[in-house]
**Q** 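Once you've had a glance at the structure underneath, I'll fire off some questions.
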Amino acid sequence: MRNTMINNLTKSNKKHKKQSELQRVIKQLKKNKIAMLGLYILIVEIILAALAPYISRYGYAEMDLTACFATPSFKHFFGCDDMGRDIFSRVLYGGRYSISIGIIAVLIAVVVGICIGAVAGYFGGQVDNIFMRILDVVQAIPGMLLMIVISAVLGPGFMNTIIALSVSTIPGMARMLRAQMMKERDSEYIEAAKSINCSQFSIIFQHLLPNCISPLIVQATMGVAQTITLAAGLSFIGLGVQPPLPEWGAMLSAARSYIRQSPHLVIFPGLAIAVTVLALNLLGDGLRDALDPKLKN
Amino acid sequence: MLRYIVKRLLWMIPIILGVTILVFTMMIFCPGDPAEIILGSTAMEADLAAKRVELGLDKPYLIRLATYISDVFFHFDLGVSWITNVDIMSTIADRMPRTLILAVVTLVIAFGLGIPLGITAATHQNKWQDHVSMVLALIGVAIPNFWLALLLIILFSVKLGWLPAMGVGTGLAGIQYYILPALANCAGALANSARQTRSAMLDVIRADYITTARSKGVAERQVIIKHALKNALLPIITTMGISFGRMLGGAMIIETIFSLPGMGSYIIGAVNNRDYPIVQGGSIMLAIAFSIAMLLIDLLYAAVDPRIKAQYASSKKRKKVKAVA
């Protein structure tokens, strides 16, 4: 009877503690008005992109040859491009491509980065050495260049852009997790887990990873921002998402030829990128402050 | 110190070799038949076959790789362009300086403005100077450099007509062609360096030795520059390394926009023309330039922080120090 009571007590205690950690982060984040502003902007953007067909009056490929190069007006909020396509609609639809490329590419990079970083950081020694030397080589190529080479090999397209972006994001993620793992792996709780014969898999993924993940979360948030910019850059030079798909970078690339007559073609897609990246950076800054154990008290 | 430099230089050899193998292997999977790209789609089958033998495409992968490595590292020969038949190494020798000038000018502008901005923000923490510079920094991080480039062209070339939007010039007048590209490329690094400087300065500014310096009556300016900034420099230099890599990458797009004949526009143009030897050789040379820049930054580290320098002092000296201690 007493035993079960104690058991229950420790269980509820444990549960309570676990919740409070997450709650603390959320509470801390909620206090940070600037970070919340970033979060709200992002939510609004994602809703706008998701509901694009219901919000915009025109399709993203719908041409109106009487309205070529139309300047912003009530009929076309952001004006029209060289083929008379409504830029407002295209920016909304473009959000679908740009934001999803950013998120998917970073997710892939995080998963692969965790696997490499965890194995290298936990086992150390020769395994670590091999992985790190490979990363050294990959990182000796500047990120943008690596992406261009990968896109040259794979060819342009939505999925290939994602692959190119995630490959060049992986080394940073893996290194960060490795450093955290090395810091944590000699802790007492890991020794305890080893002494009760936990499997290596569960030590790495159940015990170590949750304690190493917070810098990775911040890095991933900032990473999405950077990836959106890089994806736009790749599309801008014609290697990423291809026109007529309304990716923001591709739109800028097409608008470049008309920069002298119609600068408004250039303004709005770029503004969309800048606002998204700004919002993600604000959120990332807030997350860093909320997750930073140094500022806990 | 010399030992450290030599060690680092030797360490670059396997890295560059690795980069060469990696790039070479990736380029094999490029779409398209090289012989057809060179001779055009109307070429006869016999000519195509002869071209493949000439290029060595009939040999196994390892032999081609070995030939390429020996060409690159022992004969400094990157081959010729498939499209124009021009020697790649000499073209790169022509173009690389422009890319490096752009990167260095960008770096100087970014850190020349970013560090003072960060210091102002840190010394006026939570006052308007701090808020203004951090908002500027946030915007600078968020703006994609190629968009900024287009905006700068609209403003300074199209509307005001002050600066040229494309090309290169010779002599002193040539500088004007680098102004807009450098401005466009530096925003991100400027913002990053300002943010990093601010947080590094805030870390050290409350240290005891700063209080000591102030209580000794050292002028505030001296305290900030000599005592605080000197100790805050390490994380700032780290940012510099990261920024340099991004700048080399970012410069590739910027060069294309401004039609600046550097490495970036060379490689991107080659990708679009499927001129793969240029992509291969250009990537390797850029990786070498990048590695050397990283080495220089590591040396800067040692120059700034005597603790790091001491680590790499020759063992003789270290023994001497120990004996004295």
Side-chain angles (χ1 to χ4, degrees), chain A residues 34 38 133-134 136-156 168 172 222 225-226 228-234 236-239 248-249 252-253 255-256 259-261 263-267 269-282 285, chain B residues 11-12 14-19 21-23 26-31 138-139 141-148 150-151 153-154 157-159 165 188 195 244-253 256-257 263-264 267-268 270-272 274 276 279-280 282-284 286-291 294:
Chain A
I34 298 178
R133 294 301 78 83
I134 294 174
D136 272 346
V137 169
V138 175
Q139 283 189 312
I141 308 174
M144 190 75 212
L145 177 62
L146 183 62
M147 278 172 23
I148 289 173
V149 172
I150 295 174
S151 322
V153 174
L154 296 177
S168 41
M222 305 283 201
Q226 220 189 339
I228 288 177
T229 320
L230 289 174
L234 213 53
F236 185 78
I237 51 177
L239 292 173
W248 293 333
L252 279 178
S253 175
R256 208 177 116 198
I259 193 168
R260 283 177 193 277
Q261 310 94 305
H264 69 274
L265 298 193
V266 173
I267 307 273
L271 207 59
I273 301 173
V275 169
T276 315
V277 172
L278 182 67
L280 279 162
N281 280 334
L282 292 178
D285 275 351
Chain B
W11 179 231
M12 266 177 62
I15 298 271
I16 296 303
L17 215 58
V19 169
I21 295 171
L22 181 72
V23 174
M26 282 201 290
M27 298 313 284
I28 282 184
F29 297 103
C30 275
L138 272 172
I139 294 173
V141 173
I143 291 183
N145 59 4
F146 50 92
W147 185 51
L148 185 60
L150 295 178
L151 294 183
I153 290 179
I154 291 178
S157 304
V158 178
K159 301 268 184 230
R195 280 162 64 115
F244 192 81
R246 287 205 190 135
M247 259 169 220
L248 274 185
M252 300 182 73
I253 302 182
T256 326
I257 296 177
M263 290 299 290
I267 291 175
I268 290 172
V271 169
N272 288 330
R274 301 203 293 174
Y276 298 131
V279 181
Q280 202 165 304
S283 306
I284 294 166
L286 264 188
I288 292 176
F290 183 48
S291 301
M294 286 296 136

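We name chains A, B, ... by the order of the sequence lines, and we start the count at 1 in each one. Side chains are part of it too, since the values below use all heavy atoms of this structure and drop only hydrogens, waters and symmetry mates.
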**Q** Below 4.5 Å, heavy-atom pairs only: which of I150(A), V266(A), T276(A), L145(A) has the largest tally toward chain B?
**A**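 Highest number of heavy-atom pairs under 4.5 Å: L145(A).
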**Q** Are the side chain of S253(A) and the backbone of G249(A) linked by a donor-acceptor contact shorter than 3.5 Å?
**A**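 Not at all, since once roles are kept as given, no pair shorter than 3.5 Å links the two residues.
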**Q** Let me know if Q226(A) has heavy atoms under 4.5 Å from chain B in its side chain, its backbone, both or neither.
**A**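 Q226(A) touches chain B through side-chain heavy atoms alone.
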**Q** Determine the option with the most heavy-atom pairs under 4.5 angstrom with chain B, choosing from P156(A), A255(A), A152(A), G143(A).
**A**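 Looking at each of P156(A), A255(A), A152(A), G143(A) in turn, A152(A) comes out on top.
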**Q** What part of M26(B) gets within 4.5 angstrom of chain A, counting heavy atoms only: side chain, backbone, both, or neither?
**A**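 Answer is both: backbone and side chain atoms of M26(B) are under 4.5 Å from chain A.
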**Q** Taking side chain as everything from C-beta outward and backbone as N, CA, C, O, which of these in L230(A) sits under 4.5 Å from a heavy atom of chain B? Side chain, backbone, both or neither.
**A**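 For L230(A), neither part sits under 4.5 Å from chain B.
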**Q** Could you look at L138(B) and say if it's the side chain, the backbone, both or neither that has a heavy atom under 4.5 Å from chain A?
**A**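 The answer is both parts of L138(B).
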**Q** Taking only residues two or more places apart in sequence, or in another chain, which ones meet R195(B) in a salt bridge (charged side-chain N to carboxylate O under 4.0 Å, His left out)?
**A**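 Testing R195(B) for salt bridge (charged side-chain N to carboxylate O under 4.0 Å, His left out), a comparison that skips the adjacent residues, returns D285(A).
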**Q** Any side-chain to backbone donor/acceptor pair from W248(A) onto L271(A)? Under 3.5 Å, distance only.
**A**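 Here the side-chain-to-backbone pair does not exist.
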**Q** Given that the side chain runs from C-beta out, which part of I228(A) has a heavy atom under 4.5 Å from chain B: side chain, backbone, both or neither?
**A**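 Answer is neither: I228(A) stays 4.5 Å or more from chain B.
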**Q** Please report the shortest heavy-atom distance between A287(B) and V19(B), naming the atom on each side.
**A**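 That would be CB-CG1, 3.8 Å.
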**Q** In terms of heavy-atom pairs under 4.5 Å with chain B, which of I237(A), L146(A), T229(A) leads?
**A**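 The residue among I237(A), L146(A), T229(A) with the greatest pair count is I237(A).
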**Q** Among I259(A), L154(A), I148(A), I273(A), which residue forms the greatest number of heavy-atom pairs with chain B at distances under 4.5 Å?
**A**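 Sorted descending by pairs with chain B, the first entry is I259(A).
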**Q** Among G238(A), G270(A), G155(A), which residue has the highest count of heavy-atom pairs closer than 4.5 Å to chain B?
**A**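 Top count of heavy-atom pairs under 4.5 Å with chain B: G270(A).
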**Q** At a 4.5 Å cut-off on heavy atoms, which part of A225(A) comes close to chain B: side chain, backbone, both, or neither?
**A**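 No part of it gets close to chain B.
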**Q** At a heavy-atom distance under 4.5 Å, which candidate from N281(A), I267(A), V149(A), V275(A) has the highest pair count against chain B?
**A**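 Looking at each of N281(A), I267(A), V149(A), V275(A) in turn, I267(A) comes out on top.
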**Q** Select one option (side chain, backbone, both, neither) describing which atoms of D136(A) are under 4.5 Å from chain B's heavy atoms.
**A**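 Answer is both: backbone and side chain atoms of D136(A) are under 4.5 Å from chain B.
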